Amino acid sequence: MYRRRETLRFIAGYVAVGSVMVLAVTGCDASIAPIDVASGCPEQPLRGPDAWASEPGDQLIDDFEDGDLFLAAVAARNGAWVTGNDESQGTLLAEASSHCAARGNEAGHFSGSGFTDWGANWTAVLRNNNGGTAVPYDGRNYGGISFWAAVGPGATEPFEVPLGITTIDNAWNGGVCSTCMDYYATTVTLTKQWQRQVVHFSDMVQSGFGVPQIAMRKDQLVGFILWPKHQFDIWLDDVRFEL
């Protein structure tokens with residue numbers, strides 16, 4: 001029902017990356033205040049992300065600083081960011097961009113419009129699946145996810161974004177579900193200013209349409225998913241597991 005067309009696909013241990021647009025514009029350094037914000041960037045945070053930069057390295061999922069859509073290769077994670085969409089007439093962009101950043105020089109940028117069905121999503125797939133059945137990741141050491149996020153200046157705020165965790169039990173390629181993609185979800189509210197979001201696994205629940213309905217098995221994680229539906233312009237940085 002929710003099988004997705006992926007723009008990044010794991011094949012033979014590598015990711016085949018489609019067209020990735022990288023804008024060569026000076027990054028927005030969130031550690032300096034005040035600062036002139038580059039055109040099209042979210043406003044800078046009142047308290048910069050550098051305050052959390054010293055968290056243990058094994059908690060980092062991705063900070064986009066390598067300029068690509070591979071996740072940080074730490075703690076047995078070797079996946080990448082992948083997109084899915086409803087294949088309607090919408091337009092979609094998912095990139096690591098040097099145009100804006102909450103910290104450092106790069107951030108993730110996910111934007112789209114014109115979708116007429118279930119929209120589009122962006123998932124940090126935690127383990128390489130070689131183009132086949134999803135590979136589970138053991139996340140029992142963690143209690144949630146944190147990240148910095150904002151919407152672009154052209155977006156209407158506040159902007160609510162459904163997001164959460166897919167597992168082997170509900171992922172479309174997990175090999176378990178008969179009605180798939182009823183992932184463990186919650187909603188965060190974004191503004192035009194970079195803000196740190198912390199979402200706990202205990203706050204994420206299935207909506208009820210999927211089969212099976214089952215408590216989250218944290219040793220069977222597949223990915224961290226954002227599913228903003230039809231029209232969106234989201235900036236994302238410093239995505240981490242939290243204890």
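Residue numbers start at 1 and run along the sequence shown. Everything quoted here is computed from the prediction, not taken from an experiment.
For the residue pair H109 / D233, a side-chain donor-acceptor distance below 3.5 Å is found, with atom types taken as modelled.
A distance of 6.0 Å or more separates the ring centres of F159 and F232. W227 and W118 have their aromatic ring centers within a separation under 6.0 angstrom.
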Could you walk me through whether S146 and E242 pass side-chain hydrogen bond (donor to acceptor under 3.5 Å, both in side chains), step by step?
CA-CA 6 Å; S146 71; E242 292 295 327; 2.6 Å; yes
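Note that CG of L226 and CD1 of I234 are 6.0 Å apart. Values are rounded to the nearest 0.5 Å.
Under the 3.5 Å distance criterion, the side-chain polar atoms of N170 are left unmatched by any main-chain donor or acceptor of C180. At distances below 3.5 Å, not a single donor-acceptor pair connects side-chain atoms of T123 with backbone N or O atoms of V125. Listed for the Q206 side chain is no donor-acceptor partner under 3.5 Å among the backbone atoms of Y183. Without hydrogens or angle criteria, T166 side chain to G223 main chain gives a donor-acceptor distance under 3.5 Å.
Annotation for A75 and Y137: closest pair O-OH, 2.8 Å, computed over non-hydrogen atoms. Taking both residues in full, the closest heavy atoms of A107 and A101 are given as CB-CA, 3.8 Å, listed atom of the first, atom of the second, then distance. The heavy-atom pair separating I165 from F224 by the smallest distance is CD1-CA, 4.1 Å.
Applying the side chain to side chain donor-acceptor pair (under 3.5 Å) rule to pairs touching residues 62-74 yields D62-W81, sequence neighbours excluded. Screening residues 201-219 for salt bridge (Lys or Arg N to Asp or Glu O under 4.0 Å) gives D169-R217 as the qualifying pairs, with residues at least two apart or on separate chains.
With sequence neighbours left out, the salt bridge (Lys or Arg N to Asp or Glu O under 4.0 Å) criterion links D237 to no other residue.
Remark: R196 engages E55 in a salt bridge, criterion side-chain N to carboxylate O under 4.0 Å.
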